[in-house]
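These notes concern the structure reproduced below.
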Amino acid sequence: SGFDVWRSWDEPGGIRDELYQVAKDNPQLVKLVVLGHTYQGREIIAMKLTQGARGIADGSRPAVLHSSTQHAREWISTEVNRRLMHWYIDEWRANDKETRNLLRNNELWFVLVANPDGYQYTFDHERLWRKNLRDNDGDNQITRADGVDPNRNFPEHFGYDEEGSSSQTSSDTYRGPSAASEPETQAMISLLDRGDFEFQINWHSFGQWLLYAEGWQTGTPTADDPIYYALSGNRDNPAIPDFEPGLSSDVLYVTNGETTDFAHVQRGTLAWTPELGEGDDEGGFVFPDDEAQVQAEFERVLPYSLDVAKSAADPDDPVSH
Ligand code: 0X9
Ligand code: ZN
């Protein structure tokens, strides 16, 4: 693709190829599941990491779901998630005791590109595309009028109001024709039903926030809030340095039909939307193609990610720094 860091989905040695290669190289630890297919026929792929991955049923062990790039242009989210996936594999291969223990007792699932059509489109056509590639007007070409926001299409308060999602097909937050109408949504739901997910980390960018559910309303605290507080930290001592933790609808804005709201309310999975940084030159969604800055962003979120993973075995007693 001509970048130092970024790789598309389709290119040889790209993200799709890499998932298959990693699975091939680590049969004891890694299992791939094709959750579904996009409008353009791309696979939506989940990777499971757990000791003896292929000999033990999915959902046997308490799990964490790490998802990224629901929004096509948020490349840093795939890259941070990809590095996290490799970090666990490398530590396991190096016989790190804590990681061995973690992966004997838990499943860690990764969906590096939740919206592969849109992601590929940002490499081939339009760097700032956000949505999937549903052909809303049926004219067999993709224009501004097309696409559904995958993070507004879930069957939790779907279409609750016009503030939290849009009924306009040309809007960047178009919610789609009906709840879970999109293959990307159906794929994520099927994964949530496949594993025993205590937690989901749904990586997005940008803004340096550590947001937690539920995003459709600001009013009512949930019984799970103490766990969110413990693992998110607070303004003075956030779980991710220089991120602001808080209720998503409070810190940022309200949404409806959101992934993490569905996960929390309907599947009992505590879920965060970390909004990663934008790098040194304030590129917004366009994080610099710079190895050192990308690696620094990954290292910044690693301790939080590890605390979440270590807490999956007993979420009521979260591990936190
Ligand atoms: O709008 C979104 O889907 C997320 N932000 S982004 O800039 N990556 O598109 C934020 C979702 C977090 N939830 C709420 N703010 N309710
Ligand atoms: Zn996003």
Side-chain angles (χ1 to χ4, degrees), residues 65-81 111-119 121-122 126-132 147-168 171-176 179 182 184-185 188 199-222 224-225 228 232 240 243-266 269-279 282-287 297 301:
L65 169 53
H66 310 80
S67 47
S68 42
T69 306
Q70 285 192 299
H71 293 143
R73 61 194 173 197
E74 296 169 13
W75 295 0
I76 186 62
S77 74
T78 286
E79 195 52 35
V80 161
N81 207 14
V111 179
L112 297 189
V113 183
N115 171 13
D117 281 357
Y119 183 64
Y121 195 74
T122 59
E126 193 186 324
R127 176 65 185 86
L128 290 178
W129 189 261
R130 168 181 168 103
K131 298 183 284 183
N132 74 358
V148 169
D149 184 344
N151 210 23
R152 299 293 184 279
N153 188 243
F154 282 72
E156 175 56 38
H157 280 80
F158 174 83
Y160 177 69
D161 62 23
E162 199 64 15
E163 184 189 350
S165 67
S166 177
S167 58
Q168 304 299 313
S171 165
D172 251 352
T173 57
Y174 174 50
R175 68 176 75 102
E182 303 310 292
E184 296 81 6
T185 312
M188 190 74 78
F199 298 116
Q200 177 176 14
I201 304 177
N202 191 25
W203 302 107
H204 279 248
S205 75
F206 69 103
Q208 297 187 192
W209 292 295
L210 181 51
L211 310 171
Y212 44 80
E214 288 119 38
W216 69 274
Q217 57 95 28
T218 54
T220 325
T222 79
D224 289 327
D225 280 3
Y228 279 130
S232 309
I240 304 175
F243 279 43
E244 183 181 340
L247 183 64
S248 57
S249 45
D250 231 356
V251 175
L252 195 50
Y253 43 63
V254 295
T255 57
N256 47 60
E258 197 194 314
T259 312
T260 56
D261 286 5
F262 174 81
H264 190 178
V265 176
Q266 298 201 29
T269 302
L270 274 75
W272 286 267
T273 308
E275 298 273 9
L276 295 165
E278 54 182 319
E282 298 180 8
F285 292 108
V286 185
F287 197 100
E297 194 65 7
V301 305

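Because the structure is predicted, anything quoted here is derived from the model rather than measured. First listed ligand is number 1; within each ligand, the first listed atom is number 1.
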Legend entry - Closest approach of any protein heavy atom to atom 15 (N) of ligand 1, naming residue and atom: Y253 O, 2.8 Å
Legend entry - Where ligand 1 meets N151 - atom numbers and elements under 4.0 angstrom, heavy-atom basis: 2 (C), 3 (O), 11 (C)
Inset, instruction - Tell me which protein heavy atom sits closest to atom 9 (O) of ligand 1, plus the residue, atom name and distance to 0.1 Å. - result: R130 NH1, 2.5 Å
Legend entry - Atoms of ligand 1, numbered as shown, that sit under 4.0 Å from any heavy atom of G215: 16 (N)
Legend entry - Salt bridge flag under 4.0 Å for residues D117 and K131: no
Legend entry - Spacing of R73 atom CZ and F206 atom CZ [to the nearest 0.5 Å]: 9.0 Å
Legend entry - Atoms in ligand 1 with a heavy atom of L252 nearer than 4.0 Å: 10 (C), 15 (N)
Inset, instruction - Without swapping roles, check the side chain of S248 against the backbone of Y212 for a donor-acceptor pair under 3.5 Å. - result: yes
Legend entry - Atom name of the N, O or S atom in H71 that lies nearest to the Zn ion (ligand 2): ND1
Inset, instruction - Evaluate the side-chain proximity of E275 to L252: yes if any heavy-atom separation is below 4.5 Å, no if none is. - result: yes
Legend entry - Result of checking N132, V148, N151, N153 against T185 for side chain to side chain contact (heavy atoms under 4.5 Å, CB included): N153
Legend entry - Backbone N/O of S167 and side chain of E162: donor-acceptor pair under 3.5 Å: yes
Legend entry - Of the listed options S205, S249, A213, closest to atom 7 (O) of ligand 1 (non-hydrogen atoms): S205
Inset, instruction - Could you tell me whether R130 and D149 have a side-chain N and a carboxylate O separated by less than 4.0 Å? - result: yes
Inset, instruction - Can you sort out which atoms of ligand 1 are near L211, meaning under 4.0 Å from one of its heavy atoms? - result: 12 (C)
Inset, instruction - Using distance alone, decide if ligand 1 has a nitrogen or oxygen within less than 3.5 Å of any nitrogen or oxygen in R152. - result: yes
Legend entry - Carboxylate-amine/guanidinium contact R175 E258, below 4.0 Å: no
Inset, instruction - Using only N, O or S atoms, tell me which atom of H204 is closest to the Zn ion (ligand 2). - result: ND1
Legend entry - For atom 13 (N) of ligand 1, the protein heavy atom that lies nearest, with its residue and separation: E258 OE1, 2.7 Å
Inset, instruction - Specify whether Y228 and H264 have parallel, tilted or perpendicular ring planes, treating 30° as the upper limit for parallel and 60° as the lower limit for perpendicular. - result: perpendicular
Inset, instruction - Using a strict cut-off of 4.0 Å, indicate which atoms of ligand 1 neighbour a heavy atom of H204. - result: 8 (N)
Inset, instruction - Please state whether the separation between the Zn ion (ligand 2) and some N/O/S atom of E74 is under 2.8 Å? - result: yes
Inset, instruction - Considering heavy atoms of the protein only, find what lies nearest to atom 5 (N) of ligand 1 and give residue, atom and distance to 0.1 Å. - result: E275 OE2, 2.6 Å
Inset, instruction - Would you check, one step at a time, whether the test side-chain hydrogen bond (donor to acceptor under 3.5 Å, both in side chains) holds for N81 with T78? - result: CA-CA 5 Å; N81 207 14; T78 286; over 6 Å; no
Legend entry - ligand 1-proximal atoms of E74, by part, heavy-atom distance under 4.0 Å: side chain
